[in-house]
Structure formats: structure tokens, C-alpha cells
Amino acid sequence: MADISTDFLGIKSPNPFWLASAPPTDKLINVVRAFEAGWGGVVWKTLGSQVKNVSSRYSSVNYGGKRMMGFNNIELISDRPLEINLKEIYEVVKMFPDRAMIVSLMADNDRKSWHDLIMKAEDAGAMGFELNFGCPHGMTERGMGAAVGQDPEIAKMVVEWVMEKATIPVITKLTPNVHSVVPTARAAVEGGTNALSLINTIQSVTGIDLDTLVPNPYVAGKSVFGGYCGPAVKPIALKMLTTVAQDPIASRVPVSGIGGVSTWKDAVEFMLLGATSVQVCTAAMNHGFRIVEDMCDGLNNWMDEKGFEKTTDFIGKSVEKITHWEDLDINYHHIAKIDQDKCIHCGLCYIACEDTSHQSINVERGNPYNNYTVKEEECVGCNLCKLVCPVDACITMEEHRVAPEYVNWKDWQREGRPLNDH
């Protein structure tokens with residue numbers, strides 16, 4: 001069986017699945033339940049100055065009959081006294097010394113406040129810190145959270161303060177509420193951070209109650225922008241993770257991947273794009289802590305199937321496969337093929353192609369059902385028919401190269417080749 005244990009900056013855990021800094025990691029009772037279920041580590045909910053939360057705090061986007069495709073929150077950092085949090089962290093570490101205990105921090109914006117908080121968290125047994133430079137609501141008005149992560153110079157300064165005092169690994173958590181995460185990632189690395197984590201939540205409005213006309217979540221007739229997470233943000237998180245993995249400065253340090261991880265497959269995708277560990281929140285809040293059992297089993301089975309003995313065998317293997325558009329092979333072409341034995345004659349492929357794409361599917365009207373075939377000379381290989389088809393492997397894409405040699409857009413222009421003749 002594959003070894004799914006993880007070594008993140010010397011912080012060891014039995015698997016790469018950590019709970020992210022959020023409500024599920026706010027207190028001892030939650031974290032103990034999580035560790036008993038099998039989670040490899042937690043990032044304890046952000047500690048800092050005492051705050052006061054509001055009610056309600058959460059909202060979601062449902063899609064396709066499924067709950068919480070996207071999840072939104074306006075909850076702040078831990079609203080429990082610092083002393084209670086520190087006491088519980090100490091107790092949990094003694095109970096589960098083999099699990100990763102990372103503590104998220106957000107001190108007031110001065111060197112002394114950061115130094116004081118770091119010393120207290122280290123004394124409580126923290127194995128690493130995660131600097132919260134990403135919270136997009138509530139704390140930003142105080143010059144914290146995303147307000148730090150959106151300014152590379154300030155982020156670097158705070159990281160430098162932290163590195164003056166910290167004697168355990170430091171992870172800097174990046175905000176996605178920027179044009180690019182790379183400038184702040186570089187600044188954090190140059191400031192001395194030992195690792196990065198991303199992404200934090202994305203500012204959002206999940207919807208409006210059409211009876212009250214108030215956006216969600218509802219707080220006495222008002223609402224605010226919240227932090228969006230869950231499966232809906234995974235593609236954005238993977239893109240931002242890749243930009244960090246491809247940057248020569250930001251990629252010097254390991255990364256903990258966050259953003260819509262719900263299954264072992266999601267986790268593998270994050271790891272293939274450079275993450276050493278992955279953090280989970282929304283999926284646990286939606287389904288409970290025991291989902292980690294399937295995550296561990298799935299990862300183990302996949303690694304055995306692929307012949308990977310340990311997670312470091314495949315971390316980052318997909319990074320080089322994401323390139324620039326102008327470097328793609330223009331001579332590569334594929335054409336859709338419909339398996340008539342699997343086709344249920346629903347016509348979704350025809351409707352999609354005829355109305356919104358390239359009119360490349362032919363319909364033969366029949367009784368009792370219609371038959372659909374691909375017009376190979378018209379098919380541009382866009383994949384739309386395959387994506388809308390409700391039957392797995394009914395529509396496949398077969399390679400039909402235009403020419404054998406590799407030619408990209410830069411070559412095409414340089415050689416003066418003809419453009420499409422319409």
C-alpha cells in the first residue's frame with residue numbers, strides 16, 4: 001500500500017488532509033472529533049484580538065439539485081478569548097502528537113503585537129503558524145486580513161516581523177482578491193516565509209432574497225460582501241496555485257493548497273499542481289468529518305494504481321503541462337464520435353451544437369427516436385457535445401491531426417501561413 005504520510009517543513013502528519021482555519025477548527029471538541037475521524041492535521045481558527053461576530057453568518061449557492069456548490073461566510077476570526085484557545089491547543093497537541101497543529105494568526109499591525117502572539121502560540125505547542133493575509137470581510141476595515149495580502153510591501157514587512165520571533169515554520173496565506181497572487185507570494189518569500197497557502201475566500205454576493213430584497217446572509221435587513229469558497233472556487237484556486245508553482249521566486253517554498261477540495265480526486269489535482277498538503281473546510285461543514293476516510297482510501301488506491309509509493313512522487317507533475325496559448329499545437333485536431341450503442345437519443349448534443357456552436361451534428365428524424373451523427377468535415381473538436389452528453393463515454397474525441405508537425409501560433413505568424421477561410 002502507498003505511503004500517504006506527509007512531511008511539510010518537518011511537520012509530519014499521517015496524511016495530507018488538513019482542516020482549514022474556519023469554524024470546524026475553532027475549539028477542542030471539534031478538533032478532537034476531526035482527529036478521531038482520521039484528519040492528518042488542522043489549521044486552528046485564526047487567533048488575534050477579541051472580536052464580536054454577527055448573526056446570521058452563512059449563505060450558499062445551490063446548483064443542479066445539490067446543496068452548497070458555493071459557500072459564503074461573514075464570520076470573523078475566533079471570537080473566543082485567546083487564553084481559552086491557547087489552553088485547548090495545548091491539550092489537543094498532547095492528545096494527538098502525531099497530527100499537524102498549525103495555528104492561524106492575525107495580530108494587530110505592529111511588530112510587538114505579532115511578537116507577543118507568536119510567543120504565546122508557540123508556548124501552547126503550535127507546530128507551525130499560518131499568517132492570515134486573506135480574510136476579505138470585517139478584518140479588512142481594521143487594516144488586517146486581505147488588506148495586508150493585497151499590498152506586497154506591507155505583507156513582506158509583516159512576514160519579516162514574524163520571522164524575527166518565530167522558531168517554528170511559518171506559512172503565509174494569500175488572498176485571491178487581487179489581480180495576481182504572485183506579487184504577494186514573492187514578497188512573502190523574500191520576507192522569509194517558510195511556505196505559502198492559498199487560496200483564502202473570494203469576496204462575493206451569493207444571492208438576494210426576492211421577498212425581502214436583502215442579499216444573503218441576512219443581518220437585520222442588511223448584508224455585506226462575504227468570503228466565497230467550496231467546489232465553485234476550485235478552478236480559480238487551481239489557476240492561482242499554478243501561477244505560484246510556475247514562478248521562480250514563489251515556487252522556492254512548499255505550498256498548502258486550499259479551495260474547493262471535496263474529494264480525494266480534488267486533492268490529487270492540487271498536489272499535481274504543486275501542493276504538498278491540502279486544506280478542507282466547506283466539504284467537512286457540508287458532510288461531516290468522516291469524509292476523510294474516503295479521501296485517504298481514494299488517494300491510497302490511486303497511488304497504488306499509478307505506481308506511486310509516496311506523495312512526493314507525483315507532487316507538481318502537472319505544472320509543466322500548463323503553458324501559454326501561443327505555444328499550443330495548432331496542427332492538433334480531434335473530432336467527436338457518437339457511440340450509437342450507448343446513445344439514448346436525447347438530442348442534447350444536437351441542440352447544443354446547432355444552437356450555440358458549429359452545426360456539426362446531423363439529425364435523422366425517426367420513429368420512435370432520432371439518430372445523431374457527427375459531420376466530421378464540420379467538427380472543430382470543441383468538446384461541447386461531449387460535455388453536455390449525460391452518458392459517460394457515449395461521445396469520445398478521436399485525434400485527427402491536420403498535419404504531422406508541431407506548429408504554434410508564433411510559428412504560424414512567422415511563416416505567413418493562411419488564416420481560416422470563411
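Numbering starts at 1 and runs along the sequence shown.
Of the options Asp108, Ile77, Leu117, a side-chain contact (heavy atoms from CB on, under 4.5 Å) to Ser49 is made by Asp108 and by none of the others. If you run ring-ring contact (aromatic ring centres under 6.0 Å, His included) between His345 and each of Tyr372, Tyr369, Tyr350, only Tyr369 comes through.
In this structure, Trp302 and Phe308 have tilted ring planes: the angle between them lies in the 30° to 60° band.
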What side-chain donor-acceptor pairs closer than 3.5 Å can you find for residues 211-221, not counting sequence neighbours?
from	atom 1	to	atom 2	distance (Å)
Thr212	OG1	Val214	N	3.2
Tyr218	OH	Gly221	N	3.4

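With no hydrogens or angles considered, a side-chain donor-acceptor pair links Asn85 and Trp44 at under 3.5 Å. Between the side chains of Asp116 and Ser113, no donor-acceptor pair of N or O atoms lies under 3.5 Å.
In Lys27, the NZ atom is crowded: over 12 heavy atoms of neighbouring residues, nucleotides or ligands sit closer than 6.0 Å.
The aromatic ring centroids of Tyr58 and Phe71 lie less than 6.0 Å from each other.
A donor-acceptor pair is defined here as one N or O able to donate and one able to accept, closer than 3.5 Å; such a pair exists between the side chain of Gln50 and the backbone of Asp79. Counting only distance, with no hydrogens or angles, the side chain of Glu320 and the backbone of Ser318 share no donor-acceptor pair below 3.5 Å. One N or O on the side chain of Asp313 and one on the backbone of Glu309 form a donor-acceptor pair closer than 3.5 Å.
Scanning both residues, Asn53 and Leu76, for their nearest heavy atoms gives OD1-N, 2.8 Å.
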Verify side chain to side chain contact (heavy atoms under 4.5 Å, CB included) between Leu299 and Val268, making sure each step is shown before the conclusion.
CA-CA 7 Å; Leu299 177 58; Val268 168; 3.7 Å; yes
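Taking Lys234 as the reference, Leu238, Asp266, Glu269, Phe270 meet the side-chain contact (heavy atoms from CB on, under 4.5 Å) condition, with sequence neighbours excluded.
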